[in-house]
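What follows is one structure encoded as C-alpha cells, with my remarks underneath.
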Amino acid sequence: EVQLVESGGGLVQAGESLRLSCETSGFIFENYAIGWFRQAPGKEHGGVSCLTPSDSKTFYADSVKGRFTISSDSAKNTVYLQMDSLKPEDTAKYFCAAEPGPKCHLLKLWASLNNDWGQGTQVTVSS
C-alpha cells in the first residue's frame, strides 16, 4: 500500500524558509515520480514541484522557480521541499503524491486528476 506522510509546515513571515518532508512507504521509491502540490483556501490543488528519484530530474511550477528546491534521500525514501523566500501567496496546505513512472511533465494534469490526497501540512506565510 502506497503511503505518504507530509510534515514540516508552519507559520513564518515573508522572506523566511521552511523545509517540508514527504516520508514514503509501500512502493519502490526509485520507480516512482514524487510530486508536491498545494491547495490554497477556495482553490483547486495545483502542482508545485516534482522529482523522479531514479534520474534526479526535477520540475517546478513557474511561481516557485528559483525559490523552492526539491530533493530526495533514497535511503530514507523521503522527498524534501526546501522553500526559501516565502511569500504570502505561498500560503496553502501542501501535499505530496506518488505515481509510477516518469510523471513530472504531467504535474498540472496530475494535480487535477488525483483524488487521493493525504492529510497534508499547512504552510502560512504572513506579510
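Basis for what follows: all heavy atoms, side chains included, without hydrogens, waters or symmetry-related copies.
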CA sep, side-chain torsions, deciding dist, call: V123, M83, side-chain contact (heavy atoms from CB on, under 4.5 Å): CA-CA 10 Å; V123 172; M83 305 188 297; 3.8 Å; yes
Are [Y] and [X] linked, directly or through intermediate hydrophobic residues, by side-chain heavy-atom contacts shorter than 4.5 Å (ILVMFWY only)?
| X | Y | result |
| --- | --- | --- |
| L20 | F59 | no |
| Y32 | F95 | no |
| I70 | V64 | yes |
| L51 | V2 | yes |

Indicate, with yes or no, if the rings of F37 and W117 have centres closer together than 6.0 Å.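 Yes: the rings meet the under 6.0 Å criterion.
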Please report the interatomic distance [atom1]([X]) to [atom2]([Y]), rounded to the nearest 0.5 Å.
| X | Y | atom1 | atom2 | value |
| --- | --- | --- | --- | --- |
| D73 | T78 | CG | OG1 | 6.5 Å |
| I34 | C104 | CD1 | SG | 8.5 Å |
| E99 | L107 | CD | CG | 11.0 Å |
| L81 | S72 | CG | OG | 12.5 Å |

According to the salt bridge (charged side-chain N to carboxylate O under 4.0 Å, His left out) rule, which pairs have a member within residues 78-94, sequence neighbours left out?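 Found R38-D90, R67-D90.
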When you look at S71 and Q82, which way does the side-chain contact (heavy atoms from CB on, under 4.5 Å) test go after all the steps? CA-CA 8 Å; S71 62; Q82 177 67 39; over 6 Å; no
Return the minimal non-hydrogen interatomic distance between [X] and [Y], and the atom names on each side.
| X | Y | answer |
| --- | --- | --- |
| A33 | W110 | O-CH2, 3.4 Å |
| W36 | S21 | CH2-O, 3.5 Å |
| A14 | P88 | CB-CD, 4.1 Å |

Does CG belonging to L113 count more than 12 external heavy atoms closer than 6.0 Å?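 Yes.
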Can you run down the side chain to side chain donor-acceptor pair (under 3.5 Å) pairs that involve residues 48-62, sequence neighbours left out, and say none if there aren't any?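 For residues 48-62, and leaving out neighbouring residues, the side chain to side chain donor-acceptor pair (under 3.5 Å) pairs sorted by first residue read T52-D55, D62-K65.
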Run L86 and E16 through side-chain contact (heavy atoms from CB on, under 4.5 Å) and show every step you take. CA-CA 6 Å; L86 281 162; E16 294 185 338; 5.5 Å; no
Can E6 and Y94 be said to form a side-chain contact (heavy atoms from CB on, under 4.5 Å), step by step? CA-CA 8 Å; E6 306 94 341; Y94 284 70; over 6 Å; no
